[in-house]
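To start, the structure under review is shown below, and the notes come after it.
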Number of protein chains: 2
Amino acid sequence: MDTNATLPTLAETAVARLREQIVSGEIPGGARLAEAAVAQGLGVSRVPVREALVRLERDGFVEFSPTGRARVKELSPGDFEELFTLRLALEPLAAKLAAPVLRADQGGLKRNVEKTRRAGSVREVTCLDLEFHELILVAAGNTRLLSLWRSLRGELELWLGLLHRQHQTRTRETREETVQAHLEILEGFAKESPAVCERILRRHILGWRDWLPTFEEVGA
Amino acid sequence: MDTNATLPTLAETAVARLREQIVSGEIPGGARLAEAAVAQGLGVSRVPVREALVRLERDGFVEFSPTGRARVKELSPGDFEELFTLRLALEPLAAKLAAPVLRADQGGLKRNVEKTRRAGSVREVTCLDLEFHELILVAAGNTRLLSLWRSLRGELELWLGLLHRQHQTRTRETREETVQAHLEILEGFAKESPAVCERILRRHILGWRDWLPTFEEVGA
DNA sequence: CGTATCCATTCGGTATACCGTTTCGGTATA
DNA sequence: TATACCGAAACGGTATACCGAATGGATACG
């Protein structure tokens, strides 16, 4: 996507590493992220860590106490509802806006689905799933809409990771369900009006909510 | 709102000062914000300035070049459209969610309108206007929805400041139009169903877009 | 006159050091 | 036994210093 010529900054790599550890559950929800400790763990000074924490907060992975202490965000069922509500507000809108664009050029989405077909792990499917949705947001051409969605994406990834771990989801099933659903969306973009595309995404998100109603406790 | 007991951090005060200078136009759109210069201007070191810039980016006042250079965000008509689209997606939704709460307790909104009645400057009206809308978002009880809106608020404030400056808006007019519109919304929350409240907000935002169609160029 | 090149300067990224505040466990007291 | 108090350690906020990269203007070349 962004083949940045400049070397990745230490803060950026810190973001990436922490993000990975948080999503994978290696650093559990609610865990303290003391600057010094994280810095030592990554072999850098506190400065880039500090910056990384701020960015992770923006992306929904981390939250700060009033006194500036950082913790990994805890997931509560109420949070899931909030997230669901917002996806339902943003993604169908994005689909409507993106419809004309995606009717003309489905290359990106198709490539994504192909990659998903060949995915070898649940984690990989999850990433590609998120990428699929992000491609729609990008095609919508509203940069602010995109950044709003991105600020939700982190937490979304957190949920998907957690749920898959609890579910012990099978790769094959997940992959095929995902591919199936995305193909339907793809077909919609090819044939239907923007308004219908909007409804299709709406249904898709609604289905996503049903996908995991079996969870009661999300203990650490 | 948040009567924080802890002393405001230098970074926070830097955010507040820069924000004020940007909104007032003292620092024009597109202006470079070199860390060292800003730091010297505020009489602090680069560290808190650095953090302030990151936050201002999150709040839509500042943007970074790929090489990390910060500039005050430039306003283009396309940006205004994006902002409009997103307000139209978020605020009616918030109104629907907030309706039950605001039917039961209109105290906050009423106090806001009273303050607006007594506002002595266009700037003050603008702030209270934004606060009115934010109160609805708060009442909606979706913390993520609120933070999405907040990330738009900065840019919104930027626009309102610019437009009022260009318009040479009169305090009295602005104040009375605002109060009038907000009273109608208030009445809706008192009497109508969530769905109707949603539509009322929708109309309000649509009206806001018409409020300023006369602008072509937004030169620096 | 236009264009490419190079160098001085600016600027951001990071490390380190210091300070005031917050935390938290242990002790003394009611 | 529960609670209030106290002190040491932990932690975040900030200043300063250094380095390498980016920038932009002057100079040399076509």
Side-chain angles (χ1 to χ4, degrees), chain A residues 2-22 27-74 220, chain B residues 2-22 27-74 220:
Chain A
D2 62 43
T3 320
N4 218 331
T6 58
L7 291 175
T9 231
L10 288 190
E12 289 171 30
T13 66
V15 167
R17 299 256 294 133
L18 287 173
R19 193 187 143 102
E20 196 55 38
Q21 291 179 304
I22 292 172
I27 304 179
R32 284 272 291 99
L33 290 175
E35 294 179 2
V38 174
Q40 192 174 0
L42 296 178
V44 298
S45 86
R46 278 174 51 209
V47 181
V49 171
R50 198 178 166 77
E51 186 169 333
L53 291 177
V54 173
R55 298 209 191 169
L56 288 169
E57 183 207 18
R58 189 193 55 183
D59 294 346
F61 290 106
V62 160
E63 51 194 357
F64 284 93
S65 81
T67 55
R69 251 110 165 140
R71 307 183 94 78
V72 176
K73 183 165 292 189
E74 296 250 34
Chain B
D2 62 44
T3 319
N4 218 332
T6 57
L7 291 175
T9 229
L10 287 191
E12 289 172 30
T13 66
V15 167
R17 301 254 294 132
L18 286 173
R19 193 186 142 101
E20 196 55 39
Q21 292 180 303
I22 292 171
I27 304 179
R32 284 272 292 99
L33 290 175
E35 294 180 2
V38 174
Q40 191 175 359
L42 296 178
V44 298
S45 86
R46 278 175 49 208
V47 182
V49 170
R50 199 179 165 75
E51 186 170 334
L53 290 178
V54 173
R55 298 208 192 170
L56 287 169
E57 184 207 17
R58 190 193 54 183
D59 294 346
F61 289 106
V62 160
E63 51 194 358
F64 284 93
S65 82
T67 56
R69 252 114 164 138
R71 303 180 101 69
V72 176
K73 183 165 292 189
E74 295 251 35

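Side chains included, hydrogens not; waters and symmetry mates left out as well; all remaining heavy atoms used. Proteins come first, then strands; the chains are lettered A, B, ... in the order of their sequence lines, and each starts at number 1. It should be emphasised that the depicted structure is a prediction, and the values quoted were computed from it without experimental measurement.
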Inset, instruction - Please identify each residue that fulfils salt bridge (charged side-chain N to carboxylate O under 4.0 Å, His left out) with E63(A), with sequence neighbours left out. - result: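 Scan of E63(A) (salt bridge (charged side-chain N to carboxylate O under 4.0 Å, His left out), adjacent residues dropped) gives none.
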What is the separation between atom [atom1] on [X] and atom [atom2] on [N], rounded to the nearest whole Å?
X      : N       : atom1 : atom2 : result
L33(A) : dA10(D) : CG    : C1'   : 15 Å
R71(A) : dT23(C) : CZ    : C1'   : 12 Å
F64(B) : dG12(C) : CZ    : P     : 9 Å
R50(A) : dG12(D) : CZ    : C1'   : 6 Å
Q40(A) : dC11(D) : CD    : C1'   : 14 Å
E51(A) : dT14(C) : CD    : C1'   : 10 Å
R69(A) : dT22(C) : CZ    : P     : 9 Å
E57(A) : dG12(D) : CD    : P     : 14 Å

Inset, instruction - Check whether any side-chain heavy atom of V62(B) lies under 4.5 Å from a side-chain heavy atom of I22(B), and answer yes or no. - result: yes
Inset, instruction - Would you indicate whether the side-chain heavy atoms of F64(B) and L53(B) approach each other to under 4.5 Å? - result: yes
Inset, instruction - Give the minimum heavy-atom separation between V49(A) and A39(A), together with the two atoms involved. - result: CG2-CA, 3.5 Å
Inset, instruction - Search all heavy atoms of A52(A) against all heavy atoms of A11(A) and return the closest pair with its distance. - result: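 For A52(A) versus A11(A), the nearest heavy atoms are CB-O, 3.8 Å.
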Legend entry - Partner nucleotide, any strand, of dA28(C) [Watson-Crick/G-U, under 3.5 Å]: dT3(D)
Legend entry - dT9(C) pairs with, by Watson-Crick or G-U criteria that keep both distances under 3.5 Å: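 Base-paired to dA22(D).
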Legend entry - Main-chain N/O of T67(B) paired to S65(B) side chain as donor or acceptor, under 3.5 Å: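 Yes, the answer is positive, given that a donor and an acceptor are paired below the 3.5 Å cut-off.
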Legend entry - Donor-acceptor contact present, side-chain R71(A) to main-chain L33(A), <3.5 Å: no
Distances under 3.5 Å only, N/O to N/O: pair up the protein atoms with those of nucleotides 15-17 of chain D.
from: dA15(D); atom 1: OP2; to: S45(B); atom 2: N; distance (Å): 2.7
from: dA15(D); atom 1: OP2; to: S45(B); atom 2: OG; distance (Å): 2.6

Inset, instruction - Among the candidates dT14(C), dC11(D), dG13(D), find the nucleotide nearest to the side-chain atoms of R32(A). - result: dC11(D)
Legend entry - Distance test, side-chain N/O of T67(B) to OP1/OP2 of dT23(D), below 4.0 Å: yes
